[in-house]
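Computed over heavy atoms, backbone and side chain alike; hydrogens, waters and symmetry mates excluded. FYI, the numbering just counts along the sequence from 1.
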Amino acid sequence: MELSTVAVELYSLLPSEFVAARGARVKEAKGSGDAGLAALIGRLPKPSAAAWAVNMLARSGAAELEELLRLGAALRNAQTDLDPARLRELGQQRPHLLAAAVGKADEIAAGLGVRLGSTATSEVTGTLRAALGDMDAAAAVRSGLLVRALSGDGVDAVDLSGAVAVEGGAVPAAPAAPRLKTGVKADDGDAGARESLRAKAEDAERAAGQAEADLAEAELALAEATHRRRELQAALKETRERLASLEEALATAEQDARRASRTAESAEKLAAQKRRIAGQARRWLERYSGAGG
């Protein structure tokens with residue numbers, strides 16, 4: 001028995017089955033004499049409703065999730081390349097693919113007899129949105145071992161501390177799925193309620209689509225502003241280096257000017273002294289010439 005194997009098994013169960021199954025595995029590990037493994041299994045946390053729903057989405061191999069995560073990789077590449085046209089094109093796909101993935105998670109949960117509340121659905125959306133913008137968050141979602149919801153702003157790295165049950169864990173090639181609830185027949189009242197909820201969901205999806213479009217525009221503006229900031233920072237650095245060079249040259253020139261000024265003053269004093277000596281010599285020569293005549 002290995003921790004990763006046990007984790008894959010436990011996080012494929014229904015929420016109502018998790019605690020009992022974990023206890024059974026702890027007991028089994030203790031019975032085999034592996035107290036350390038038993039302690040590790042006992043510390044595996046029960047996933048939140050949103051984390052469980054995302055795990056089920058990952059384990060189902062849903063095309064909706066794969067399409068969303070492929071879009072996320074393409075968006076990150078476009079942001080790195082600062083490709084506005086590509087960002088805008090991909091951004092238009094995001095609200096539809098995100099809504100489809102969230103809807104699929106809700107559908108899978110309902111098929112397993114679990115109804116997600118508004119808070120859990122919002123957290124599923126936030127988790128999938130975080131996976132769109134962060135490669136490590138996408139890997140955490142794919143693992144099928146989330147224990148809590150994720151959140152991200154599209155700029156900073158997503159906080160994954162304590163988010164995955166077992167680091168490096170992954171969904172097996174043929175994951176076990178929880179048992180589906182069957183034999184439930186809806187009455188007319190339930191059908192009417194579903195229609196009302198469907199209408200509300202469609203309104204919410206339209207609003208979410210507009211919000212996602214606004215987010216795409218904001219992220220594009222952020223990417224462009226970041227690029228412009230980097231250009232200006234490089235220009236400012238170059239200007240500062242040029243200024244420092246000019247200030248150094250100016251200091252040298254001022255030093256040379258002061259030195260030249262002192263030399264000029266000395267030369268002027270020497271010239272004046274020589275002129276006085278020459279004048280004196282002429283006067284002595286004139287007196288000598290007059291006396292001789």
If you measure from [atom1] on [X] to [atom2] on [Y], what distance do you get to the nearest 0.5 Å?
X: D136; Y: L160; atom1: CG; atom2: CG; answer: 6.0 Å
X: Q79; Y: D81; atom1: CD; atom2: CG; answer: 10.5 Å
X: L116; Y: S122; atom1: CG; atom2: OG; answer: 11.5 Å
X: E107; Y: L112; atom1: CD; atom2: CG; answer: 10.5 Å
X: E17; Y: L10; atom1: CD; atom2: CG; answer: 10.5 Å
X: L69; Y: L128; atom1: CG; atom2: CG; answer: 7.5 Å

Do any N or O atoms from the side chain of [X] and from the backbone of [Y] form a donor-acceptor pair under 3.5 angstrom?
X: R129; Y: S151; value: no
X: D134; Y: V158; value: yes
X: S143; Y: A140; value: yes

Show the numbers, then the answer: is there a side-chain contact (heavy atoms from CB on, under 4.5 Å) between L71 and L90? CA-CA 7 Å; L71 174 67; L90 295 172; 3.7 Å; yes

Take R262 and E265 through the test salt bridge (charged side-chain N to carboxylate O under 4.0 Å, His left out) and record every step on the way to the result. CA-CA 5 Å; R262 289 193 296 269; E265 289 176 0; over 6 Å; no

Pair R275-E268, salt bridge (charged side-chain N to carboxylate O under 4.0 Å, His left out): steps then yes or no: CA-CA 10 Å; R275 283 195 297 271; E268 184 178 356; 6.0 Å; no

Determine the sole option in V102, L57, L132 for which the side chain to side chain contact (heavy atoms under 4.5 Å, CB included) test with L68 is passed.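 The passing option is L132.
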
Evaluate the side-chain proximity of [Y] to [X]: yes if any heavy-atom separation is below 4.5 Å, no if none is.
X: E64; Y: L97; value: no
X: T5; Y: E9; value: no
X: V26; Y: L37; value: no
X: Y11; Y: F18; value: yes
X: L98; Y: T125; value: yes
X: R70; Y: E66; value: yes

Apply side-chain contact (heavy atoms from CB on, under 4.5 Å) to residues L65 and V141 and explain how you reach the verdict. CA-CA 9 Å; L65 177 61; V141 165; 4.1 Å; yes

Which pair of heavy atoms, one from [X] and one from [Y], lies closest together, and at what distance?
X: L146; Y: T127; result: CD1-CG2, 3.9 Å
X: A137; Y: A130; result: CB-O, 3.7 Å
X: E123; Y: A149; result: CB-CB, 3.8 Å
X: L13; Y: W52; result: O-NE1, 2.9 Å
X: A131; Y: A138; result: O-CB, 3.6 Å
X: A7; Y: L145; result: O-CD2, 3.7 Å

D156: partners by salt bridge (Lys or Arg N to Asp or Glu O under 4.0 Å), with sequence neighbours left out: none

Name all residues meeting the salt bridge (Lys or Arg N to Asp or Glu O under 4.0 Å) criterion together with R86; count only those two or more places apart in sequence or in a different chain, and write none if there are none.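 In terms of salt bridge (Lys or Arg N to Asp or Glu O under 4.0 Å), with neighbours along the sequence ignored, R86 is linked to E89.
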
Could you pull out all residues at least two apart from R148 that satisfy side-chain hydrogen bond (donor to acceptor under 3.5 Å, both in side chains)?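 Applying side-chain hydrogen bond (donor to acceptor under 3.5 Å, both in side chains) to R148 gives none.
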
Partners passing side-chain hydrogen bond (donor to acceptor under 3.5 Å, both in side chains) against S161 (at least two apart in sequence or in another chain): D159

Can I get a per-line list of side-chain donor-acceptor pairs under 3.5 Å for residues 249-257, giving both atom names and the distance, sequence neighbours left out?
{"unit_1": "T252", "atom_1": "OG1", "unit_2": "E248", "atom_2": "O", "d": "3.0"}
{"unit_1": "D256", "atom_1": "OD1", "unit_2": "R259", "atom_2": "NH1", "d": "2.9"}

Test side-chain contact (heavy atoms from CB on, under 4.5 Å) on K269 and Q273; report intermediate values, then the result. CA-CA 6 Å; K269 289 178 181 178; Q273 182 182 13; over 6 Å; no

Regarding E286 and R283, does a basic nitrogen lie under 4.0 Å from an acidic carboxylate oxygen?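 Not counted as a salt bridge, because no side-chain N and carboxylate O are separated by less than 4.0 Å.
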
Indicate every side-chain donor-acceptor pair of residues 38-47 with a distance under 3.5 Å to a residue at least two apart or in another chain.
{"unit_1": "K46", "atom_1": "NZ", "unit_2": "P15", "atom_2": "O", "d": "3.4"}

